[in-house]
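Below: the structure, in structure tokens.
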Amino acid sequence: MANTVLMGQYWETNSLFHRLDPRTKIVSIIFIMLSFLMLDTFISYAVATIIVLGILLLSKIPIYVFGRGLQPILFILMFTFLYHVVFTKGNVIWSWSFIEVTVEGLHNGIRFVWRIVLLILLASMLTLTTKPLTLAHGLEKLLAPLSKLNVPVEQFSLMIVIAIRFIPTILQEVDRILLAQKARGYDITALTLSKRIFAYIPILIPLLFTIIQRAEHLTYAIDARAYGNGKGRTSFKQLKFQHIDYQVGGIVIINTLVLLLLNIGGV
Amino acid sequence: MLTFDHVHFYYKKGQSVIENMSFTIETGESVAIVGANGCGKSTIAKLMDGLLLPKEGRVTFKNIDTSRPTDLDKIHEQIGFVFQNPEDQFITTTVMDEVVFGLENIRVPREEILNRLNYAIQAVQMEDYLDSMPHQLSGGQKQRVAIAAIVAMRPEIIIFDEATSMLDPQGREQVRSIMNELHRQGMTIIHITHHMQEVLSAERILLIHEGRLEFDGNPLTFFETATVADYQLELPFAVRLYQMFHHSTPLTADWKEMVRLQWSIN
Amino acid sequence: MKKSLFQLNTKTVVTIGICAALYGATGFIGVPIGPDTSLRPAIALLAIFGALFGPVVGFTAGFIGHVLTDLLTSGMVWWGWALGSALTGAFMGIIYLYKGFDPLAGLVKSKHIGFFAVYGIVGIILSLLFSWWFDITFMGEPSDKLVIQVSLASLSNIAVFVVLGIPAVLGYAKRNRKASNLSVNE
Amino acid sequence: MVYQLNNMTVNYAERVALHNVSCTIQEGKWISIIGQTGAGKSTFVKVLKGLIPSVDGDYRIDQQPVHRDSKGQLKGIPDIGYVFQYPEHQLFETTVYKELAFAPKMMGYSSQQIAHAIELILPQVGLPEEILPLAPFQLSGGYKRRLAIASVLMMDPKLLILDEPTAGLDPVSRVALLRLLKRWQQQENRTILFVSHQMNDVAEYSDEVMVFDEGHLMGHYDTNILFLEQAQLLAKLGMSLPEPVQLLKVVEELSGQNIEVASCRERDIFEKVWSIWHTRSC
Ligand SMILES: Nc1ncnc2c1ncn2[C@@H]1O[C@H](COP(=O)(O)OP(=O)(O)OP(=O)(O)O)[C@@H](O)[C@H]1O
Ligand SMILES: Nc1ncnc2c1ncn2[C@@H]1O[C@H](COP(=O)(O)OP(=O)(O)OP(=O)(O)O)[C@@H](O)[C@H]1O
Ligand SMILES: [Mg+2]
Ligand SMILES: [Mg+2]
């Protein structure tokens with residue numbers, strides 16, 4: 001469990017995207033996403049789709065992995081689609097009692113769903129090809145200039161790192177408490193499901209206590225190792241832009257421009 | 001120069017944990033702190049490092065008062081502290097990051113970080129575990145990593161709070177020799193331990209009893225004269241042997257040496 | 001010491017980080033009760049963090065925690081809802097600014113509970129409305145669906161807040177009061 | 001009861017922590033477990049307690065295969081007491097009292113019985129009554145350790161597993177605990193599995209010793225045989241001898257003769273060395 005969280009959605013392949021600097025990825029994705037928010041015409045949708053498909057192929061990640069990412073929001077997608085189909089006024093092509101399906105509705109439904117799917121696929125590219133801590137590192141570096149304006153970027157980044165690092169610890173802590181109880185003859189996992197839900201409640205308060213205790217020790221640990229306010233730390237793991245980062249950056253900008261022009265041109 | 005000047009401390013009002021404690025540890029000394037469970041050793045260590053502040057009196061390091069928040073960073077840079085429970089000390093997700101974290105904080109340049117990382121990790125023999133999660137190591141391995149993370153920072157003082165309690169005898173010996181080496185290079189070593197043989201090889205011993213400093217001096221003198229059981233301590237093996245020989249040879253920390261000497265006299 | 005609001009020392013950094021982790025970890029758990037809505041015990045945690053550590057910790061922990069769960073589970077961040085979580089956390093934290101309210105020392109008066117409940121409920125509704133507005137504006141989601149979603153989510157969140165969050169803060173304060181009383185008696 | 005492991009293997013992700021371990025643990029003995037850091041000692045005792053759900057191998061108690069769930073995972077074995085290597089892994093309640101009361105409450109004792117039992121156990125492990133209302137994490141390292149041990153002793157288990165229980169205890173408490181355990185084990189004919197790095201304690205208190213190295217069980221010996229006759233094996237595995245035995249070796253080397261001793265316990269060796277000494281100086 002600990003490892004799954006630390007790895008996040010990360011999926012190891014030797015693709016181009018895995019080698020990219022996290023900063024390039026973050027900025028590019030933001031650009032592409034913004035340009036997608038303006039999608040309007042059929043051609044622009046087509047271009048966007050081709051771009052996303054291209055990215056998926058290049059990532060070398062099997063398609064079912066992306067499918068898995070879409071699963072949790074399948075319900076929203078269906079709902080959005082049906083909603084548009086049913087409630088958009090226009091040319092009725094099929095009806096049953098008060099329900100009317102219209103051409104415009106189908107059109108709208110497909111469009112909205114399509115856009116969300118594209119956005120999600122893009123977003124999962126970032127998490128599938130970058131480990132959460134690398135992502136945090138990239139973000140810290142991107143925001144580094146703000147540090148000069150007295151924005152506590154380092155501390156903010158430490159916050160995120162602690163958060164990522166502690167999600168598994170907390171889940172482990174729950175495991176630990178269960179294990180400690182098991183070691184003294186109380187096995188929660190042996191209970192039936194309905195009883196188990198209630199059995200979790202008494203664990204919550206001890207959990208809260210130990211976590212607050214953990215926080216105290218962690219504060220000591222960070223202070224004791226002279227973190228201070230994090231300003232001016234050196235950085236052992238360095239990020240370096242490579243050729244490929246510039247190339248990808250260039251392509252992204254061209255893409256965005258193309259989409260923009262398509263939209264402006266109304267094609 | 002680390003000074004306790006009439007220090008009082010409590011966690012809860014009315015239940016004092018440290019009472020009127022005064023002593024000075026000079027640069028380059030090697031000091032063992034001993035005492036019963038709950039007598040306040042870890043609390044003293046936290047006071048030394050400025051993690052806790054005295055309720056009365058002053059703790060100063062090179063004339064910097066720990067209660068001045070602005071200077072606390074300097075104290076943390078100069079005083080390294082290996083926690084009693086290594087799990088409380090871990091901040092990051094890999095053994096490597098754990099060692100590097102402190103080095104980045106004290107602004108060690110990149111190339112130098114690599115050197116120190118290698119040195120520290122090799123010293124505790126954890127080369128094979130650089131990418132492991134600290135929380136998923138065995139009990140003794142955790143202690144080794146905790147030690148490496150502090151040793152790499154090369155502070156002027158290192159406080160080891162029972163940092164070797166779960167090491168095998170060989171590991172204990174290794175850490176002992178790391179300590180000796182650092183001490184030889186001029187580092188001040190403060191070692192909190194329940195292992196009496198280790199106490200014997202320190203230069204000075206601070207005995208804490210119910211929050212008060214009960215004895216401050218040479219360990220050999222201490223074990224020769226004190227009734228150790230009053231302080232929940234036992235005699236080191238060397239001293240037990242010494243008593244068996246009815247004190248016929250001078251007491252030394254190295255008991256094998258003592259036996260040989262005895263043998264040659266007879 | 002207690003009432004400092006914007007100072008970012010190690011303690012606040014760690015508290016926010018760990019609260020975010022806790023929020024994120026419990027974010028994995030949820031009992032679905034309607035379209036894209038579930039009974040999330042995480043809301044109770046926001047209430048606890050807010051009350052114990054104030055609006056800044058509540059806001060930041062809610063935001064980071066939400067973004068992280070989104071990133072770790074589906075890879076897609078729903079920014080509107082993340083900001084919503086943040087707002088809820090901030091509202092839960094208003095009570096922290098009251099003089100004489102200090103659950104860490106066991107000090108909670110009954111009028112505090114009233115205020116806490118009001119801020120909490122107002123906060124939950126306001127932040128959901130915010131998320132709703134955000135989604136319509138930036139994601140182009142249909143608004144009627146969101147009306148259902150918002151009302152369901154408000155109700156479920158308020159339920160969790162009232163049933164779990166408030167009692168947890170009270171329980172925590174009570175326990176701390178006990179501990180400090182004992183030390184005075186001895 | 002007899003506990004039997006057959007070809008037990010445990011993997012943690014990519015690391016093999018136990019390799020084909022087979023052993024039989026008889027009732028009524030004090031068995032120590034030694035080995036270097038990371039040798040697999042904790043893993044081994046966790047398997048015995050059933051704390052590691054997925055293991056590869058066969059585990060029987062009194063010839064009966066240990067119950068597994070539908071997925072083939074091991075279940076915790078309730079009547080084995082287990083003290084974790086880090087007391088922090090074990091303590092979870094909000095007060096010391098609740099911590100001590102947890103196991104007996106599970107076993108269905110009344111609150112009076114529990115209160116009485118707690119009253120009895122506190123002095124035995126050297127805990128003052130004042131700490132009962134404190135939260136376990138407010139205790140010092142050594143007190144946490146005592147609490148962890150006491151809360152398991154409350155179960156009065158047939159087999160008691162202690163993973164480095166003396167780490168962090170002050171010397172007098174350490175000896176007191178070891179004596180308490182020895183008395184309990186002998187008088188009530190209980191079994192103790194004692195993981196330790198303190199060779200002196202191992203030599204002093206155990207009947208048998210199991211030696212681990214890099215996940216392998218290297219042998220299961222009578223204590224005296226191991227320390228007095230298998231010194232090479234221990235040296236090869238990088239483990240040291242108890243100090244009294246080292247003393248014996250030094251004296252053997254100095255005198256150039258083999259010395260017979262009754263056991264590897266300090267008293268017996270000191271007696272022997274003293275008598276050699278005495279005859280020499282007379
Ligand atoms: N966070 C805390 N809150 C309240 N009391 C505490 C806290 N930490 C320690 N104490 C108490 O302070 C006293 C001294 O504790 P300390 O940890 O300094 O002892 P120690 O000498 O290190 O003992 P050990 O050898 O067992 O580690 C103990 O009575 C302990 O219960
Ligand atoms: N949860 C875990 N995940 C991955 N590897 C682990 C885990 N626990 C232990 N290991 C590894 O398994 C090996 C055996 O560990 P174990 O804890 O059994 O050692 P040990 O003999 O108890 O050592 P020690 O004396 O240091 O406590 C070690 O190499 C350790 O790094
Ligand atoms: Mg201590
Ligand atoms: Mg172990």
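Each chain gets a letter, A, B and so on, in the order the sequences are listed, and its residues count up from 1.
- D49(B) touches chain A through its side chain: at least one heavy atom from C-beta onward sits under 4.5 Å away, while N, CA, C and O do not.
- In terms of heavy-atom proximity, V108(B) sits nearest to T234(A) at O-OG1, 2.8 Å.
- Within a 6.0 Å sphere centred on NZ of K237(A), heavy atoms belonging to other residues, nucleotides or ligands number 12 at most.
- Of the listed residues (L114(B), L103(B), V99(B)), just one forms a side-chain contact (heavy atoms from CB on, under 4.5 Å) with F236(A), and that residue is L114(B).
- For K46(B), the part sitting under 4.5 Å from any heavy atom of chain A is the side chain, from C-beta outward, and nothing else.
- Interface remark: D97(B) contributes side-chain atoms only to the contact with chain A (heavy atom separation under 4.5 Å).
- Within the model, atoms CD1 of I164(A) and OG1 of T93(B) stand 9.0 Å from one another, a figure rounded to the nearest 0.5 Å.
- Heavy atoms of I162(A) lying under 4.5 Å from chain B are absent altogether.
- Per-residue heavy-atom pair counts under 4.5 Å with chain A were compared for E98(B), M96(B), E77(B), and the maximum is reached by E98(B).
- Under 3.5 Å, the side chains of N105(B) and R225(A) contain no donor-acceptor pair of N or O atoms.
- Annotation: cation-pi geometry not satisfied between R165(A) and F90(B) (NZ/CZ under 6.0 angstrom from ring centroid, within 45° of ring axis).
- The minimum heavy-atom distance linking A226(A) with I106(B) is given by the pair CB-CG2, 4.0 Å.
- Among N229(A), I222(A), L158(A), the residue making the largest number of heavy-atom pairs under 4.5 Å with chain B is I222(A).
- Here Y227(A) contributes atom OH and F101(B) contributes atom CZ; the two are 6.5 Å apart, rounded to the nearest 0.5 Å.
- Of the residues considered (I150(B), I79(B), T92(B)), T92(B) shows the highest number of contacts with chain A, using heavy-atom pairs under 4.5 Å.
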